[in-house]
Amino acid sequence: MIALTLAEIAAITGGDLRLVDPDTSETVVSGVVDTDSRNMTAGGVFVAKPGAETDGHRFVAAAVTGGASVAIVEHIVDAPVSQVVVADAVAALADLARAVVARVRAEGQLKIVGITGSNGKTTTKNLLARILEDEGETIAPINSYNNEVGAPVTMLRVTDSTRYLVSEFGAAGPGSIAHLAGLVEPDIAVVLMVGMAHAGGFGGIEETAKAKAELIAASRPGGTAVLNIDDSRVAAMRDAATAHEMNIVGFGQDGSADVRASDVQVAADGTRAVITTAEASLPLHLKVLGAHHITNALAAIAAAGVLGVPLADAIARVETVQVAERWRMQPLGNDRVRIINDAYNASPDSMAAALRTLAQITGPDERTVAVLGAMSELGESAGEEHDRIGLLAVRLNIRRIVVVGPEARRLYLSVVGEGSWDSEAVHLPDQDAAYEYLRTELRDGDRVLVKSSNSVGLRHLGDRLGELFS
């Protein structure tokens with residue numbers, strides 16, 4: 001974070017400054033700002049966020065031990081540290097992020113990119129950060145820090161020398177992207193896709209589209225909207241971008257895209273394509289598994305191009321990325337039994353894309369194995385979407401389908417109903433049962449996909465299988 005006095009922090013957050021020493025109001029802090037006491041370093045700002053399962057106020061003392069110089073709290077805590085007492089700690093965190101980014105931006109160097117979409121945000125963020133880090137100091141979220149806490153915490157990592165801030169915006173419900181993006185008003189708004197992920201929380205896919213479009217309305221007029229024109233709902237956001245006086249850059253495989261991919265070929269060592277812009281037409285070998293990640297690479301390359309990065313440089317840097325993120329199409333295992341751990345999250349679109357990738361990268365003498373758990377937050381569409389995935393798995397001729405957990409039973413029944421039985425498909429109650437089954441079932445030549453929503457936890461099963469065959 002930039003250097004601020006304790007008095008400035010109190011003024012920004014509208015809090016009541018309670019000093020541990022009466023003469024320290026002008027004490028300057030510039031350390032990390034976080035809600036996790038374990039992340040504190042010298043000069044840090046600890047935000048005591050209340051929670052349903054735990055309360056950050058219980059960890060103020062631990063934060064002080066870690067080096068915190070001040071705590072933002074909702075009530076005074078018995079701890080040897082100056083405290084800023086606010087009505088809402090999460091709102092105070094947002095206020096602090098807004099003010100800090102505004103101060104850095106006023107210096108004229110900082111450019112901000114906001115990314116949203118039902119799928120692909122984290123991969124696109126990582127690819128774009130890799131491109132930009134060779135241009136100047138770049139701040140991007142750790143993991144998927146894209147909610148009301150993670151996004152401001154990332155924003156507060158900017159310093160006076162930061163040149164690029166890449167923010168990832170998830171949507172907990174209508175208005176959440178507008179709120180988070182409104183803290184920084186991005187110069188570039190990247191919208192990847194509108195899918196069924198979290199659609200249950202929005203009341204359907206059209207409401208999801210409206211939520212994703214909030215990023216455009218919250219961005220700076222005169223900036224640039226980078227839109228996936230292969231997705232009709234995203235392409236329709238061009239009107240909103242034009243009305244907001246934004247430039248438009250389209251990416252996709254459609255022939256009219258400003259940044260276009262063609263000749264896409266999927267293999268076990270990644271995906272190859274030709275990337276074409278007005279500047280040049282160059283080959284790309286994306287080592288991140290899956291044809292769907294070409295869309296994410298296009299988005300990152302398009303945003304980088306708006307910032308002046310030549311196509312050849314953007315491609316060269318993207319090609320150095322081996323894995324999108326842990327638990328996202330992460331290759332594990334060995335040459336005999338390869339594991340693809342893609343169980344950080346799952347939606348109908350990402351589940352379908354992962355299954356297609358499994359089928360595409362498996363040779364004629366190898367066997368496809370899909371270990372599948374439930375997809376969360378689909379609302380009334382859950383049953384239908386699990387049916388659709390079960391049907392797709394059978395039609396892709398996935399040779400062994402292992403369905404895990406009671407929430408995914410509908411998927412299993414769909415697989416059986418489509419004609420997979422006689423041990424081609426099994427339904428197991430939990431991860432441990434699945435591990436014991438797979439430990440003896442997997443054999444040389446197997447290519448194994450592990451996929452579920454984060455809440456199901458199959459990513460840990462994927463790790464265990466990776467260790468087993470390492």
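These numbers come from a predicted model, not from an experiment. One-based numbering along the sequence shown.
The structure places CG of L355 at 6.5 Å from CG of L396, a figure rounded to the nearest 0.5 Å. The CG atom of N146 sits 9.0 Å away from the OG1 atom of T154 when rounded to the nearest 0.5 Å. Rounding to the nearest 0.5 Å places CG of N296 at 11.0 Å from CD1 of I301. A distance of 11.0 Å separates CG in L183 from CD in E148, rounded to the nearest 0.5 Å. A distance of 14.0 Å separates CE of M237 from CD1 of I229, quoted to the nearest 0.5 Å. How far CD1 of I131 is from OG1 of T138: 10.5 Å, rounded to the nearest 0.5 Å.
L282 has its side chain out of reach of I275: every pair of non-hydrogen atoms, C-beta onward, lies at least 4.5 Å apart. Looking only at side-chain heavy atoms (C-beta outward), K451 and L458 stay at 4.5 Å or farther from each other. At a threshold of 4.5 Å between non-hydrogen side-chain atoms, the residues V404 and S452 do not count as touching. Proximity of D55 to P50: side-chain heavy atoms (C-beta onward) are separated by under 4.5 Å at one or more points. Counting only heavy atoms from C-beta outward, the side chains of K212 and V234 never approach each other to under 4.5 Å. Using a 4.5 Å heavy-atom cutoff, the side chains of T295 and F251 are in contact. Taking the side chain as every heavy atom from C-beta outward, R400 and E424 approach each other to under 4.5 Å. Using a 4.5 Å cut-off on side-chain heavy atoms (C-beta onward), V113 and L307 make contact.
Under the side chain to side chain contact (heavy atoms under 4.5 Å, CB included) test applied with L93, the options I72, V45, L156 reduce to a single match, L156. Between T362 and the options R399, R338, R447, a side chain to side chain contact (heavy atoms under 4.5 Å, CB included) holds for only R447.
Taking each heavy atom of P348 and R388 in turn, the nearest pair found is CB-NH2, 3.1 Å. Closest approach of H386 and A374 over heavy atoms only: NE2-CA, 3.6 Å. Taking all atoms of both residues into account, the shortest heavy-atom contact from N119 to S350 is ND2-CB, 3.7 Å. Closest non-hydrogen pair, S219 versus M246, comes out as CB-CE, 3.8 Å. Closest heavy-atom contact between L298 and A261: CD1-CB, 3.7 Å. A267 and L289 get closest at one heavy-atom pair: O-CD2, 4.0 Å.
S455 and S376 share a donor-acceptor pair across their side chains, judged by distance under 3.5 Å alone. Counting only N and O atoms by type, the side chains of S256 and D254 include a donor and acceptor under 3.5 Å apart. Side-chain atoms of R328 and T123 form no donor-acceptor pair, as typed in the model, at a separation below 3.5 Å. A donor and an acceptor atom, one from each side chain of N345 and W327, are nowhere located under 3.5 Å apart. Using a 3.5 Å distance cut-off with no hydrogens or angles, the side chains of R459 and N454 do pair a donor with an acceptor.
The number of heavy atoms from other shown groups lying within 6.0 Å of NZ (K287) is above 12. The neighbour count for R238 CZ, taken as heavy atoms of other residues, nucleotides or ligands under 6.0 Å away, does not exceed 12.
Between the R157 side chain and the A140 main chain, a donor and an acceptor come within less than 3.5 Å of each other. Of the possible donor and acceptor atoms, one in the side chain of T357 sits under 3.5 Å from a partner among the backbone N and O of A353. Distance alone, capped at 3.5 Å, is enough to place a donor-acceptor pair between the E74 side chain and the A89 backbone. A donor-acceptor contact shorter than 3.5 Å links the side chain of Q431 to the backbone of L461. Between the H293 side chain and the T124 main chain, no donor and acceptor come within less than 3.5 Å of each other. The backbone N or O of A3 sits nowhere less than 3.5 Å from a side-chain atom of S30 that would complete a donor-acceptor pair. Within the 3.5 Å criterion, the main-chain N or O of T224 finds no donor-acceptor partner in the side chain of N247. No side-chain donor-acceptor contact under 3.5 Å links D446 to the backbone of V448. Of the possible polar contacts, none joining the H292 side chain to the R356 backbone as a donor-acceptor pair under 3.5 Å is found. Judged purely by atom type and a 3.5 angstrom limit, D230 uses its side chain to pair as donor or acceptor with the backbone of Q253.
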> Does the side chain to side chain contact (heavy atoms under 4.5 Å, CB included) test come out yes or no for D187 and R105, once each step is laid out?
Replying inline: CA-CA 11 Å; D187 300 285; R105 189 183 226 161; 3.0 Å; yes

>> Would V190 and L128 count as a side chain to side chain contact (heavy atoms under 4.5 Å, CB included) here? Give the steps.
In response: CA-CA 11 Å; V190 180; L128 180 57; 5.6 Å; no

> Hey, mind stepping through L4 and V100 against side chain to side chain contact (heavy atoms under 4.5 Å, CB included) and telling me if it holds?
Replying inline: CA-CA 9 Å; L4 294 173; V100 166; 4.0 Å; yes

> Given R317 and E135, is the salt bridge (charged side-chain N to carboxylate O under 4.0 Å, His left out) satisfied, shown in steps?
Replying inline: CA-CA 11 Å; R317 295 166 194 172; E135 300 292 315; 2.8 Å; yes

> Where do L284 and I294 land on the side chain to side chain contact (heavy atoms under 4.5 Å, CB included) test, with the steps shown first?
Replying inline: CA-CA 9 Å; L284 165 69; I294 287 292; 4.1 Å; yes

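Electrostatic pairing of E8 and R103 counts as a salt bridge here, judged by a charged N lying under 4.0 Å from a carboxylate O.
Partners of E319 by salt bridge (Lys or Arg N to Asp or Glu O under 4.0 Å), not counting sequence neighbours: none found. Applying the salt bridge (Lys or Arg N to Asp or Glu O under 4.0 Å) criterion to D95, with sequence neighbours excluded, gives R98.
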